[in-house]
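Here's the structure, in structure tokens; my notes come after.
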2 protein chains.
Amino acid sequence: MSSLGSKWKPVIVMVINDRKLRFGQIAARIHVISRKVLTDQLREMVEDGLLIREEFKELPPRVEYTLTEKGLALLPILNLLEDWERNYETKEVLAEA
Amino acid sequence: MSSLGSKWKPVIVMVINDRKLRFGQIAARIHVISRKVLTDQLREMVEDGLLIREEFKELPPRVEYTLTEKGLALLPILNLLEDWERNYETKEVLAEA
DNA sequence: CGGTATCCTAAAGGATACTG
DNA sequence: CAGTATCCTTTAGGATACCG
């Protein structure tokens, strides 16, 4: 299960979703992550076959990320995990009330 | 997603499954985990509402763990994750051959 | 803009010995 | 048997400054 590795990779997968996002856009949507960690995670995810990285040799530089088929296949599973968490989180809160 | 916390909790959930297992049985099935870490993880999982811990005041002591409804609900999702991993692991190996 | 490089801290995980 | 207690190493993650 540690194929997901860090706590950030699932978040990044869900943020990118079926879109094509630039580095800055990803950073903006996960504003609590440091640039270094985001860079690290993105590089590892490319190595893991989760992401495709497209670099445009322009100035200023532009880099776009999309999910691979493997990454896309992970999306519904992560959604289930979110549902699971929300579902039981709610029950605990209600139980306390 | 870090509701799953450590790298061990999903493993423990899958090992216990729908059974009732003693501390030693869990340890034996995850032989690479240290006793301290297993103890830590089990305690946290009880706090998280994933596990039920039954302690029998005998000598020698006996402690049995079962999944809660919340823990059981996690099982099919973890199975999907395993399938996902196996599926794309295979493809990469084939691609190298 | 999208990174590196450097340094640092906190926390996860582990080895080993001991206990009720 | 099922833990505690203690100590230690490794790693994830972050702050900050600089670069092409």
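Below, read A as the first sequence line, B as the second, and so on, with proteins coming before strands; counting in each chain starts at 1.
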Expressed in angstrom and rounded to an integer, what is the separation of [X] atom [atom1] from [N] atom [atom2]?
X: A:Leu51; N: C:dG2; atom1: CG; atom2: C1'; value: 15 Å
X: B:Lys57; N: D:dG3; atom1: NZ; atom2: C1'; value: 11 Å
X: B:Arg53; N: D:dC1; atom1: CZ; atom2: C1'; value: 12 Å
X: B:Leu38; N: C:dA15; atom1: CG; atom2: P; value: 13 Å
X: B:Gln25; N: D:dA2; atom1: CD; atom2: P; value: 8 Å
X: A:Phe23; N: C:dG2; atom1: CZ; atom2: C1'; value: 6 Å
X: B:Arg35; N: C:dC18; atom1: CZ; atom2: P; value: 15 Å
X: A:Leu59; N: C:dC1; atom1: CG; atom2: C1'; value: 9 Å

What closest approach, in Å, do [X] and [Y] show between heavy atoms, and which atom pair accounts for it?
X: B:Leu75; Y: B:Met14; value: CD2-CA, 4.0 Å
X: B:Ile30; Y: B:Ile12; value: CD1-CG1, 3.9 Å
X: B:Ile16; Y: B:Leu21; value: CA-CD1, 4.0 Å

Report task. Please check if the side chain of A:Trp84 supplies one atom and the backbone of B:Gly71 the other of a donor-acceptor pair under 3.5 Å. Result ->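 Not at all, since once roles are kept as given, no pair shorter than 3.5 Å links the two residues.
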Report task. Would you give the length of the straight line joining atom CE of A:Met45 to atom NZ of A:Lys70, rounded to the nearest 0.5 angstrom? Result ->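 One finds 10.5 Å between CE of A:Met45 and NZ of A:Lys70.
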Query - Of A:Pro60 and A:Thr39, the one whose closest DNA chain C nucleotide lies more 5' - result: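 The residue closer to the strand's 5' end, by nearest nucleotide, is A:Pro60.
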Query raised in the report: Which part of the nucleic acid does B:Arg22 contact within heavy-atom distance under 4.0 Å: base, sugar-phosphate only, or nothing?
Result: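 Answer is sugar-phosphate: B:Arg22 comes under 4.0 Å of backbone atoms only.
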Query raised in the report: So what does B:Tyr65 hit on the nucleic acid, given a heavy-atom distance under 4.0 Å: a base, only sugar-phosphate, or nothing?
Result: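 Sugar-phosphate, no base atom in range.
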**Report entry** Worked check of side chain to side chain contact (heavy atoms under 4.5 Å, CB included) between A:Leu74 and B:Leu81
**Finding:** CA-CA 8 Å; A:Leu74 194 51; B:Leu81 261 182; 3.7 Å; yes
Query - salt bridge (Lys or Arg N to Asp or Glu O under 4.0 Å) partners of residues 23-41 of chain B, not counting sequence neighbours, each pair once - result: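 Listed by first then second residue: B:Lys36-B:Asp40, B:Asp40-B:Arg43.
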Query raised in the report: What is the per-nucleotide protein-contact pattern of nucleotides 9-14 of chain D, from the 5' end, where B denotes a base atom under 4.0 Å from a protein heavy atom, S denotes such proximity for sugar-phosphate atoms only, and - denotes neither?
Result: ----BB
